[in-house]
Amino acid sequence: MKPMKEFREQLYLGAGAPANRVLEHSCGHVVAPDCVLPIALTAGPTGLALDLTHGKRDSLHMVEEVGRVLYNLSCVVPAGIVVFLPSYHHSQLFLSMLRTRGFLAKIAAKKKVLEEPREASAVAALLSDYSAAIRRAEAASGGCTGAMLFCVVGGKMSEGINFSDSLGRCVVMVGMPFPNTQSIELKERMKHLDTTRSGASQQTKNCGERSGGAEYYHNLCFRAVNQSIGRAIRHREDYACMLLLDQRYSRRSSISALPAWISRSLIVAEKYHVAHAAVAKFFARHKRNRKQ
């Protein structure tokens with residue numbers, strides 16, 4: 001799974017293999033490009049830049065802007081929407097603020113709102129409730145159109161659970177799930193990579209490139225992102241949109257860390273209306289195709 005650069009450097013180049021002897025090959029996804037709509041959204045409906053870095057993501061203005069995005073999505077996306085948040089601590093604060101400001105109530109008028117439980121024993125019941133809400137909405141007309149499930153990256157819902165078909169017509173990644181830099185284990189690993197890479201990979205190191213530790217830290221984040229957003233597309237007839245909410249997703253280094261089947265179709269939307277129109281058009285087209 002991408003990013004793969006550190007494996008290439010640590011396992012092969014670091015062991016002395018010549019760079020021209022190490023070849024990479026990546027296969028595409030089984031779905032057609034027009035069945036996937038990935039969007040990197042850099043600004044919200046009011047024009048506020050989506051800066052969801054650790055120091056700014058909990059500000060009231062930022063939470064409200066994300067709340068507007070989620071509510072607007074609930075109006076145009078059918079069936080299930082899965083929203084990934086970077087940590088349990090942030091998810092609790094974020095949802096509390098959305099609830100206080102009335103956004104969850106507005107979303108609940110369109111989608112049943114569910115939250116990932118902390119207890120593993122409650123996951124099966126939650127998934128059953130989520131699936132049932134979507135089935136009821138598809139069988140009815142008007143009113144509730146599905147469900148919105150709030151999950152945590154690296155939690156119980158981000159790995160091993162498939163949100164195929166109606167269970168995941170849209171996956172939203174709120175911010176970037178970088179690991180805790182205060183972890184002693186992470187600090188030591190990064191320090192070790194900074195030391196070993198300086199001597200092992202000079203043959204590929206370019207000016208301005210990240211240190212070994214920084215590269216590892218960046219890759220941890222994007223493996224978690226790719227693992228989470230990949231939950232939605234599970235077979236060749238499936239279709240879904242993926243929204244990456246953070247202006248940092250528009251960076252070249254971020255785009256290159258995404259799987260090719262996502263990056264090849266990625267829309268970098270610097271204006272919110274561009275993203276909203278693309279999402280509405282995407283689902284209108286697939287709705288017409290199902291009727292044919």
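Residues: numbered from 1 along the sequence shown. Small disclaimer: the values here were computed from a predicted structure and weren't measured.
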| note | Heavy-atom nearest pair, Pro177 first then Val225, reads CD-CG2, 3.5 Å

| query | Taking all non-hydrogen atoms of both residues, which atom of Ala278 and which atom of Leu37 are closest, and how far apart? | reply | O-CD2, 3.5 Å

| Going hydrophobic residue to hydrophobic residue with side-chain gaps under 4.5 angstrom, can you get from Met190 over to Phe178? | yes

| note | Nearest heavy-atom contact between Val268 and Ser250 is CG1-CB, 3.6 Å

| task | Mark yes or no: Arg118 above the aromatic ring of Tyr88, with NZ or CZ under 6.0 Å from the six-membered ring centre and no more than 45 degrees from the axis. | result | yes

| said: Are the side chains of Asn72 and His276 in contact, using a 4.5 Å heavy-atom criterion? | reply: yes

| Note, Ile267 side chain near Ile39 side chain (heavy atom, < 4.5 Å) | yes

| Is the shortest heavy-atom distance from the side chain of Phe94 to the side chain of Asp58 under 4.5 Å? | no

| Does a donor on one side chain and an acceptor on the other come within less than 3.5 Å for Tyr239 and Asp165? | no

| message | Please determine whether the number of non-hydrogen atoms from other residues, nucleotides or ligands lying under 6.0 Å from atom CD1 of Ile184 exceeds 12. | response | no

| Under the 6.0 Å and 45° cation-pi test, does Arg68 pair with Phe103? | no

| field | From OH (Tyr272) to CG (Leu50), nearest 0.5 Å | value | 10.5 Å

| said: Could you tell me if the side chain of Leu126 sits less than 4.5 Å from the side chain of Glu115, heavy atoms only? | reply: no

| Verdict with supporting geometry, Asp51 and Thr53, side-chain hydrogen bond (donor to acceptor under 3.5 Å, both in side chains) | CA-CA 6 Å; Asp51 182 357; Thr53 52; 2.9 Å; yes

| said: Quick check on the hydrophobic clustering: are Leu73 and Val83 connected, directly or via other members, by side-chain heavy-atom contacts under 4.5 Å? | reply: yes

| said: Between Arg189 and Asp194, does any side-chain N to carboxylate O distance fall below 4.0 Å? | reply: no

| Rounded distance (nearest 0.5 Å) linking atom NZ of Lys110 with atom CD1 of Ile81 | 11.5 Å

| Under a 4.5 Å side-chain heavy-atom rule over Ile, Leu, Val, Met, Phe, Trp and Tyr, are Leu127 and Phe150 clustered together? | no

| task | Rounded to the nearest 0.5 Å, what's the gap from SG on Cys241 to CZ on Phe283? Could you check? | result | 4.0 Å

| Atom pair CG (Asp34) and CZ (Phe282), whose distance is rounded to the nearest 0.5 Å | 8.0 Å

| message | Measuring from atom CH2 of Trp261 to atom CD1 of Ile233, what distance do you get when rounded to the nearest 0.5 angstrom? | response | 5.5 Å

| field | Listed partners of Asp129 passing salt bridge (charged side-chain N to carboxylate O under 4.0 Å, His left out), at least two apart | value | Lys112

| query | Is there a side-chain contact between Ser228 and Met173, using heavy atoms and a 4.5 Å cut-off? | reply | yes

| said: Is any side-chain heavy atom of Phe163 closer than 4.5 Å to one of Arg169? | reply: no

| field | salt bridge (charged side-chain N to carboxylate O under 4.0 Å, His left out) against Lys191, all qualifying residues, sequence neighbours excluded | value | Glu188

| task | State whether the side chain of Ser166 and the backbone N or O of Gly80 hold a donor-acceptor pair below 3.5 Å, judged by distance alone. | result | no

| query | Any salt bridge (charged side-chain N to carboxylate O under 4.0 Å, His left out) pairs touching residues 242-258, not counting sequence neighbours? | reply | Asp246-Arg248

| request: Consider only side-chain heavy atoms of I, L, V, M, F, W and Y, link residues closer than 4.5 Å, and tell whether Tyr216 and Val153 are in one cluster. | output: yes

| query | For Lys106, which residues count as a salt bridge (charged side-chain N to carboxylate O under 4.0 Å, His left out) partner, sequence neighbours excluded? | reply | none

| How long is the gap from CG on Asn226 to CE on Met242, to the nearest 0.5 Å? | 10.0 Å

| query | Is a side-chain N or O of Tyr217 found less than 3.5 angstrom from the main chain of Pro179, in a donor-acceptor match? | reply | yes

| Do you know the tightest heavy-atom contact between Arg57 and Ser87? | NH2-OG, 4.2 Å

| said: As a test of understanding, state which of Leu244, Val66, Val69 forms a side chain to side chain contact (heavy atoms under 4.5 Å, CB included) with Leu41. | reply: Val69

| Do Leu48 and Met176 belong to the same hydrophobic cluster, where Ile, Leu, Val, Met, Phe, Trp and Tyr are linked whenever their side-chain heavy atoms lie under 4.5 Å apart, directly or via other members? | no

| message | For the backbone of Ser253 and the side chain of Ser256, can you confirm whether one donor and one acceptor N or O come within less than 3.5 Å of each other? | response | yes

| note | Taken in chain and number order and not counting sequence neighbours, the residues that satisfy salt bridge (charged side-chain N to carboxylate O under 4.0 Å, His left out) with Glu138 are none

| Are any of the side-chain heavy atoms of Lys111 and Thr145 separated by less than 4.5 Å? | yes

| note | Sorted by chain and residue number, the side chain to side chain contact (heavy atoms under 4.5 Å, CB included) partners of Lys187 (sequence neighbours excluded) come out as Gln182

| field | Val152 side chain near Phe84 side chain, heavy-atom distance below 4.5 Å | value | no

| said: Minimum heavy-atom separation for Gly168 and Ala232, please, with both atom names. | reply: O-CB, 3.5 Å

